[in-house]
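Notes to accompany the following structure.
Letters A, B, ... mirror the listed sequences (proteins, then strands); counts begin at 1.
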Amino acid sequence: MRLHAVGHAVRVDRTLIGRIATRDVEDRADSWRVWNDPAVPDAAGYLGVMTRNDASWQIDVPTVRGVRGLDYLADGDVVAVDPTGFVRTLYRRASRHNFILMTEQCNSYCLMCSQPPRRIDDSDRIHDHFRLVDLIDPDTEELGVTGGEPTLFGVDFLRLIDHCRTRLPSTALHVLTNGRLFYYRSFAEQLGAIGHPDLVLGIPLYSDNDFDHDYIVQADGAFEETVLGLHNLDRYGVVVEIRVVLHRLTIPRLRQLAEFIARNFPFAAHVALMGMEMFGLVHQNLSELWIDPADYQRELAAATETLAQAGMHVSLYNQQLCVLDRTLWPFARKSISDWKTIYLDECNCCAARDRCGGLFQSAAKKHSAHIHALADGTFPGSGPSTDVSTPVPQPATPQNTPDRDA
Amino acid sequence: MTFRLREHFLNTKPYRLLPFRFLRFDDARALVANDVGEWLFLTHAQLDDLVRHQLDPCSDVYLDLKSRHFLFDSDSAAPFELLTAKYRARKSFLDGFTRLHIFVVSLRCEHSCHYCQVSRVSADRLRYDMSEETASRALDLVLRSPADEIKIEIQGGEPLLNFDRVRQIVTEAKAQAGSKRIEFVVTTNLAAITDEMIGFFAENEVVVSTSVDGPPFIHDSNRPRPGNDSHARTLKGIERVRAALGHDRVAALMTTTRLSLGHPREIVDEYVRLGFEAIFLRPLSPYGFALRSTRTTGYTTREFLDFYVAALDYLLDLNRRGTFIVETYAQILLTRLLTPFTTGYVDLQSPAGAGIGAVVYNYDGDVYASDESRMLAEMNDDRFRLGNVHRDSYEAIFRSETLRKLVASSVMESIPGCCDCAFLPFCGSDPIFNYTTQGDVVPHVPTSAFHEKNFYLIRHLIDLYERDPVARRIFWSWVRNAPIGATQEVA
Amino acid sequence: MILEVDTTIYPLDVVQRAAHVFTARCFVLFRRLDSNRMAVELEPRDDRDDVRTLSGEFANVLLDHTLRARIAAETSAIRELIVAQAFCEADLLDRRQMNANVEDDPRGIAQR
């Protein structure tokens, strides 16, 4: 699935963000009218007109022509069209994986970063984000906020969360952040004070010690900041999730990390252990990071058991069922965004294909050497949950011990 | 941007120790433990290296000790933040001050249990009943407790013999509760239960706690009553209460007597047969009638521990084969060993729960720091009486010098023997027990039965946990209070 | 059985703690011999308790308590700080950086 296309823009003097309208709508000023008919459209009042064709109409409204590959776009989806004719899909109603890419800046530089940061000042984007939130359907169940590092926008980050609270009160927000700036207590306090009804911060932690974590994220002091950040967020009632990327540097002490999480962050609503995405900076560090997932199943099982037995909610992301230890199937989720998922040829006759999350598109050339089709009847029949939505936060282990000796 | 090498992030500062205690566990291993309950095994050589600052910073044991706060090697605030947060969590049983309020509504009882802690009187001695006025005054004090959630436990003698008082306490407490959440428990032998009482319990969500010492031959021998049918009556009562209130609204406790010692399996089997998911293997307390009849019903701590271990083995076996049943004392110790959470168990905490965790209002209005100190008063030693509901204010009672001294003496860090013990974070103190058995609120640890029991059990559980992966899984299911497989987990 | 203990190696506090462990099995008496030495008299309560084993065990326990004293010397102040901080609302350590505003970022966390 392509998420962008290039067309020929006329009268587009700045980036115009609007909803797709395949038929006539009332809120014309917020809509990009999709018009593939050769006849001249009645375009008055629309934000713009988008067409597949190389039309030659002369109309007063911003137009982008020759846009191909975006025919899947439906009413209510949101696109951004810039003066160069670049059309970007920002939001699709039919997708469960919509997100706001807050910024491309980051204060970490993870060895395996799949969204390599750029040293630019893109703080102006915040206006686009506010506009996007204004246009998103309030019935949207979940929305992600990613980057780079979203909290680098400081107060603007907080304002955007608040804006989501007012415009999209029933949309669950899942923010991916390194959590480091929550070292400053007041920042955590302010986020808590917004009182968003369904906000989860997904924060990575890669080791139980500072050496390894700081090295992996390439930032001095990051471990200390993240640990304190997690505690500050809990102090002010912000729900957190802890994420771990599985690779050769995190696997050796994975079980110890699991224990560290269970004992120090029992308030974490969820822990996600994630297969590594083969995209971005990882290729510069491949020899240090790559490990065939088939070779880390023992460590993964030990870590998962450690967390689950302590009563924590655990999910395994980006694992292929044919490689995943059988005892871990109940924890596997179909986690890869729909537009990034692929299956291999081997998968065509796999009886577990529907339950399996497949692979990252980026894994086409580098993936486990042990992918193979599973025959029907060779694996537990009753289906575990393959729901991939952000789990509902739950309190930590309940107390059931008695008060006294009588 | 370029990537920085691993060496850049490695620390080169020499490490310093964080506070911890140790125990020479066996010939091969030492156990180290710190105030927040983190523990691990080291070889004796590793322990010496640790203290002499000779541990290799690249070794796994170094990293294990660092992440569990036994050493630190930078200015990072992380270990300090985690230590203070976890210390506070472990001591959070102190929040809200007195949470457990025990009402002795009557000394009357028709049973004559050998180990009874109450100077019970026969059922016709009405003057040993708590009066309406006393109950009201006591409730005034109860509601002064700062805790958001409190538990009112009504016992006796046999409380159902003074059911009017039970009804009054529950009704008045609920009416005056305000924003407090109140849990009610009635501790009864169920022999006198009626449909009216059951109906009242159902309406008011009262939980029932009863005694089941084992199969009839043990239970009836321990707990004589006219007709010698305690077991049958208790079972009947349990059935009736379960039918009206729900299966889980009845809990049972057992008391171990000399007779029990030879029958751990039969006792556990009885609990399984009756559908209980928890059994609390309690030793005799050295008080009241138990003290008087030591020769016939008494036994040594060693004998109790042998019984306990046999019962625990059997319980683990049952769990292994798919029957979920928890041993409650082990569950408490394991929660302390395996999680950062507190346990609200007042009989094993430091500072002790006397008065500050639990308090007793006797039928005559006298207020005591614990059930045991009430018993001492019945044996003419009233030094642990805190006051009387008719005469003394809340402040006079709960800020009394008696209570203050009692609690101060119970802090384990100030008790010789306890202060250096590696198991300190998992254990607790019981100053009244010490006073009763050794003549001083401060124990003589090397000869203390309290120490012997707890030290042995904690060590035994750690040992099992370390060497038996199946026991480990079962222990975790006890800590979570859910059978293996009931919650999301590795099968 | 009388053991001679060099008090320049084993301070009095250490000897007391070690001896306390044995008070279940022995009667214990201390005597000072001179400025550097003291005598520890251990009389078994039970005749069957072997004196040689007892003295060996005592020596080991003495060593352990020396180790504990060393740990305590290095860590008591920190322990007090941890306990005090656990129960104190205000920050006892210098936490100015943690209490700063995210916009000021004195620690430079936001540095790209």
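Remark: C:Thr75 OG1 to B:Phe20 CZ distance equals 7.5 Å, nearest 0.5 Å. Distance check: C:Arg68 CZ to B:Asp420 CG gives 5.5 Å after rounding to the nearest 0.5 Å. Considering NE2 of B:His53 and CD of C:Glu74, their distance stands at 3.5 Å, rounded to 0.5 Å. Here the CG-CZ distance, from C:Asn60 to B:Arg24, works out to 8.0 Å after rounding to the nearest 0.5 Å. Rounding to the nearest 0.5 angstrom, the gap separating the CZ atom in B:Arg52 from the CG atom in C:Leu67 is 6.0 Å.
When B:Leu50, B:Leu83, B:Val445 are compared by the number of non-hydrogen pairs under 4.5 Å with chain C, B:Leu83 comes out ahead. Of the listed residues B:Pro416, B:Gly417, B:Ser448, B:Ala77, the one with more heavy-atom pairs under 4.5 angstrom with chain C than any other is B:Pro416. Note on B:Val36, B:Thr447, B:Asp35, B:Asp48: by heavy-atom pairs under 4.5 Å with chain C, the leading option is B:Asp35.
Shown here is B:Asp148, whose CG atom has no more than 12 heavy atoms of other residues, nucleotides or ligands within 6.0 Å.
Residue contact with chain C, scored on non-hydrogen atoms closer than 4.5 Å, involves the side chain of B:Arg21 exclusively. There is no contact between B:Glu452 and chain C, counting heavy-atom distances below 4.5 Å. Residue contact with chain C, scored on non-hydrogen atoms closer than 4.5 Å, involves the side chain of B:Phe72 exclusively. No part of B:His451 comes within reach of chain C, as not one of its non-hydrogen atoms sits under 4.5 angstrom from that chain.
Between C:Ala24 and B:His444, the shortest heavy-atom contact is N-CE1, 4.4 Å. C:Asp64 and B:Phe22 make their closest contact through O-CZ, 3.5 Å (heavy atoms, listed as atom of the first residue, atom of the second, distance).
Considering only heavy atoms from C-beta on, B:Thr84 stays 4.5 Å or farther from C:Leu81 through its side chain.
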